[in-house]
Amino acid sequence: MAVKPSRAEKKILYDKKLCALLSQYSQVLIVHADNVGSKQLQSIRSGLRGDSVVLMGKNTMMKRTIKIHAEATENEAVMNILPLLVGNVGLIFTKGDLKEVREVVGKYKVGAPARVGLVAPIDVVVPPGNTGLDPSQTSFFQVLNIPTKINKGTVEIITPVELIKKGDKVGSSEAALLSKLGIRPFSYGLVVLSVYDSGSVFSPEVLDLTEDDLVEKFALGVSMVTSLSLAVSYPTLAAAPHMFINGYKNALGVAVATEYSFPQAEQVKEFLKDPSKFAVAAAPVAAADSGVSPDAAAKVEEKKEEVEEESDDDMALNLFD
């Protein structure tokens with residue numbers, strides 16, 4: 001018969017296991033484990049088997065072991081895990097993709113009834129419809145202010161009823177009603193609270209960010225840097241193109257208003273002297289935008305002028321008649 005290890009021996013084995021995991025893995029998910037049973041936890045371990053290890057334990061033991069490991073290895077980064085060990089939590093050590101591991105953990109949720117005194121994690125709404133209960137149960141619904149009617153010898157709920165709000169404790173009447181209706185409103189599983197990765201700690205929402213989100217946030221940051229640089233006239237790489245353009249505009253304005261000139265300003269001055277050149281320059285651009293070749297555009301203009309001349313001649317003849 002195998003001899004069971006003593007309590008002191010179990011602590012030593014636990015310390016060795018946790019220290020080995022801290023040395024082997026650089027990524028840790030801190031998970032909340034309220035209302036998670038041993039069978040459910042075993043299913044999660046089976047689902048993660050391969051590159052992830054689930055470790056549960058008392059917070060005091062985990063904190064003590066982490067401190068000892070940090071001192072022994074001079075790895076102060078693991079000390080960032082200590083503030084996260086609050087409440088009924090566990091650790092998932094992994095070498096895989098953090099987002100995929102979290103998704104696997106989220107799959108193993110089990111439905112649970114609303115027990116008396118339990119804090120509701122979500123709003124509970126009783127849907128309308130036939131309850132299958134006999135008319136003698138009508139008074140029970142009246143106590144909870146649930147509108148009902150008798151339909152074909154059974155009680156029917158008329159409208160949806162918000163029975164319990166998130167954060168409220170489940171009362172005896174609410175628990176009894178949900179039990180009668182066979183509703184299991186809550187589901188429980190390991191919930192990722194924080195993520196530790198090579199010394200950095202961040203919220204699990206970061207795992208939902210896509211490349212498009214990162215590009216958008218980066219572009220927003222560049223835009224803010226550019227705006228600030230332009231506002232205080234401090235040159236930065238992001239603001240440099242705008243500063244050059246603004247400088248060119250200022251120099252061009254001075255050249256137009258004075259006799260001073262430079263090659264880039266000569267064309268603008270010519271346009272200002274003879275505004276008709278704007279139309280000549282704009283015609284090829286319009287043709288290019290419309291997909292018509294310059295030659296075809298020129299022929300269209302000639303034909304248009306001929307039609308206008310014929311129209312003028314016809315108008316003159318009509319006046320003489």
Within a reach of under 6.0 Å around NZ of Lys95, are more than 12 heavy atoms found that belong to other residues, nucleotides or ligands?
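Count over threshold, so yes.
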Just checking Leu214: does its CG atom have more than 12 heavy atoms from other residues, nucleotides or ligands closer to it than 6.0 angstrom?
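Count over threshold, so yes.
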Under the side chain to side chain donor-acceptor pair (under 3.5 Å) test, which residues partner [X], sequence neighbours left out?
X      : answer
Ser194 : none
Thr148 : none
Ser203 : Glu205
Glu156 : Asn151

Output the rest of the hydrophobic cluster of Val110: all Ile, Leu, Val, Met, Phe, Trp and Tyr residues reachable through side-chain heavy-atom contacts under 4.5 Å, sorted by chain and number.
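Members other than Val110 - counting any ILVMFWY side chain reachable under 4.5 Å - there are none.
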Using a 4.5 Å cut-off between side-chain heavy atoms of Ile, Leu, Val, Met, Phe, Trp and Tyr, which other residues end up in the same hydrophobic cluster as Ile158?
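Other cluster members: none.
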Pairing residues for Asp208 by the salt bridge (Lys or Arg N to Asp or Glu O under 4.0 Å) criterion, not counting sequence neighbours
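With neighbours one apart ignored, the set is Arg102.
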For Asp15, which residues count as a salt bridge (Lys or Arg N to Asp or Glu O under 4.0 Å) partner, sequence neighbours excluded?
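Expected list: Arg64.
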side-chain contact (heavy atoms from CB on, under 4.5 Å) with [X]: which residues, sequence neighbours excluded?
X      : answer
Thr60  : Lys58
Thr236 : Val225, Ser229, Tyr234, Ala238, Ala239
Val206 : Phe202, Leu209
Ala114 : Val170, Leu178, Pro185, Phe186

